[in-house]
Amino acid sequence: MLHTAQAKATELDQYLVQKQILDNSFKIQNSKALDEILDVISDEDSRTLPFQIDQNMLMEKYKMSANKVEIEGIITTADFSQFAQDVGEKEVKKLIRKNILQSCNLLFENEFQRVNPYKVELKLSAESQSYDFKIKNSECTF
């Protein structure tokens, strides 16, 4: 079943294979061309932002490249500052990271992002604190 889930290429994956930027196993063959295409897509996607990821996060900036996705967002949870103060910064980071890892399918939506070394750099801002996370695709289960 895991193999079946990974075999579902997105339209972008299929286009990139057709243009020979990716090979048939979605390995990157031309990272410069991929960066150029992803830069255009990122510009187009930024016109639809902000975007609600889940009940806790709003994405404000999204930029893809051949080896990573950079996301900036805000934490929208009511009373988050009080929660963070109550549980402590270490526990908050642990909980946010766990939540991010549960969203791997959304963050690494294209097959080339799953089969090549790839990461998500996520910066989340709350009322009084900012949190930076780097998640590698190898940390995810798809």
Side-chain angles (χ1 to χ4, degrees), residues 1-17 19 21-142:
M1 187 162 155
L2 180 63
H3 182 53
T4 305
Q6 288 184 330
K8 292 190 177 185
T10 63
E11 287 182 32
L12 177 59
D13 288 316
Q14 293 169 7
Y15 172 80
L16 296 171
V17 168
K19 294 295 181 185
I21 295 169
L22 304 178
D23 68 15
N24 287 332
S25 62
F26 308 106
K27 296 284 186 184
I28 298 171
Q29 300 299 302
N30 185 340
S31 59
K32 184 178 179 186
L34 180 57
D35 273 336
E36 290 172 5
I37 289 170
L38 295 177
D39 193 43
V40 171
I41 291 171
S42 293
D43 287 345
E44 286 295 315
D45 285 349
S46 68
R47 295 174 194 208
T48 63
L49 296 177
F51 179 77
Q52 189 81 34
I53 295 290
D54 58 25
Q55 70 272 17
N56 301 312
M57 188 176 110
L58 184 70
M59 184 187 343
E60 296 183 309
K61 185 178 177 186
Y62 182 84
K63 173 121 176 83
M64 276 195 297
S65 67
N67 64 346
K68 68 181 175 185
V69 174
E70 297 173 39
I71 300 172
E72 290 183 25
I74 58 173
I75 296 171
T76 58
T77 306
D79 301 324
F80 181 79
S81 295
Q82 183 64 46
F83 169 75
Q85 188 176 8
D86 291 347
V87 300
E89 185 175 339
K90 188 175 181 178
E91 189 65 22
V92 168
K93 286 182 177 181
K94 187 174 156 185
L95 290 169
I96 293 173
R97 184 173 191 76
K98 180 181 176 187
N99 190 42
I100 293 168
L101 289 172
Q102 291 174 347
S103 300
C104 279
N105 286 328
L106 296 172
L107 297 173
F108 300 96
E109 67 179 311
N110 299 294
E111 200 62 27
F112 77 89
Q113 295 171 313
R114 297 176 182 192
V115 301
N116 295 283
Y118 210 86
K119 65 183 172 185
V120 170
E121 294 180 358
L122 182 61
K123 181 175 186 167
L124 292 174
S125 299
E127 210 172 272
S128 60
Q129 181 73 23
S130 183
Y131 303 93
D132 293 319
F133 297 93
K134 290 183 180 163
I135 306 293
K136 296 178 183 177
N137 60 358
S138 59
E139 296 177 73
C140 298
T141 52
F142 297 107

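Computed from a predicted model, the values in this text were never measured in an experiment. Any value given below was found using the heavy atoms of this structure, including those in side chains, with hydrogens, waters and symmetry copies removed.
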Would you say the side chain of Phe112 lies within less than 4.5 Å of the side chain of Leu34, judging by non-hydrogen atoms? yes
Considering only heavy atoms from C-beta outward, does the side chain of Met57 approach that of Leu124 to under 4.5 Å? yes
What closest approach, in Å, do Tyr62 and Glu109 show between heavy atoms, and which atom pair accounts for it? OH-OE2, 4.0 Å
Interatomic spacing from CD in Gln14 to CD in Glu11 - rounded to 0.5 Å: 7.0 Å
Using a 4.5 Å cut-off on heavy atoms from C-beta on, say whether the side chain of Leu22 contacts that of Ile28. yes
Nearest 0.5 Å please: distance from the NZ atom of Lys98 over to the OG atom of Ser103. 12.0 Å
Pair Asp86-Gln82, side-chain donor/acceptor within less than 3.5 Å: yes
Leu38 and Ala66: which non-hydrogen atoms are nearest, and at how many Å? CD1-N, 3.8 Å
Taking the side chain as every heavy atom from C-beta outward, state whether Cys140 and Ile135 have any pair of such atoms under 4.5 Å apart. yes
Ion pair Asp43/Lys63, N-O distance below 4.0 Å: no
Would you give the length of the straight line joining atom NZ of Lys134 to atom NZ of Lys136, rounded to the nearest 0.5 angstrom? 10.0 Å
Check for a donor-acceptor pair, side chain of Asp35 on one end and backbone N or O of Ser65 on the other, with a separation under 3.5 Å. no
Taking Gln113's backbone N and O only, do any of them form a donor-acceptor pair with Asn110's side chain (distance below 3.5 Å, no angle check)? no
Rounded distance (nearest 0.5 Å) linking atom CD of Glu36 with atom CD1 of Ile21: 8.5 Å
Would you say Leu107 and Ile100 make side-chain contact, with heavy atoms under 4.5 Å? yes
Run the numbers on Phe133 and Val120 for side-chain contact (heavy atoms from CB on, under 4.5 Å), then give the verdict. CA-CA 8 Å; Phe133 297 93; Val120 170; over 6 Å; no
Near Gln29 CD, under 6.0 Å, is it more than 12 heavy atoms from other residues, nucleotides or ligands? yes
Is a side-chain donor or acceptor of Ser125 paired with a backbone partner of Ile74 at a separation under 3.5 angstrom? no
Quick one: are Asp23 and Val17 in side-chain contact, heavy atoms under 4.5 Å? no
Does a side-chain N-to-carboxylate-O contact under 4.0 Å join Glu139 and Arg97? yes
Can Glu121 and Lys123 be counted as an ion pair, charged N to O under 4.0 angstrom? no
Asp79, CG atom: more than 12 neighbouring heavy atoms under 6.0 Å: no
Within the distance-only criterion (no hydrogens, no angle test), does the side chain of Asn67 pair as donor or acceptor with the backbone N or O of Tyr118 below 3.5 angstrom? no
Is there side-chain contact between Phe83 and Thr77, with at least one heavy-atom pair below 4.5 Å? no
Tell me if a side-chain donor or acceptor on Asn30 pairs with a main-chain N or O of Ala33 at a distance below 3.5 Å. yes
Which residues satisfy the salt bridge (Lys or Arg N to Asp or Glu O under 4.0 Å) test with Glu60, sequence neighbours excluded? none
Tyr131 versus Val92: any side-chain heavy-atom pair under 4.5 Å? yes
Will you find, in the side chains of Thr10 and Asp13, an N or O donor that is under 3.5 Å from an N or O acceptor? yes
Quick one: does any side-chain atom of Asn99 pair with a main-chain N or O of Leu95 as donor and acceptor, under 3.5 Å? no
Any Lys/Arg nitrogen of Lys68 or Glu70 sitting under 4.0 Å from an Asp/Glu carboxylate oxygen of the other? yes
Nearest 0.5 angstrom please: Ile41 CD1 to Tyr15 OH, how far? 8.5 Å
Mind listing the closest non-hydrogen atom pair of Val115 and Lys27 along with its distance? O-NZ, 2.9 Å
To the nearest 0.5 Å, tell me how far Leu12 CG sits from Glu111 CD. 11.5 Å
Keeping Asn137 on the side-chain end and Lys119 on the backbone end, is there a donor-acceptor pair under 3.5 Å? no
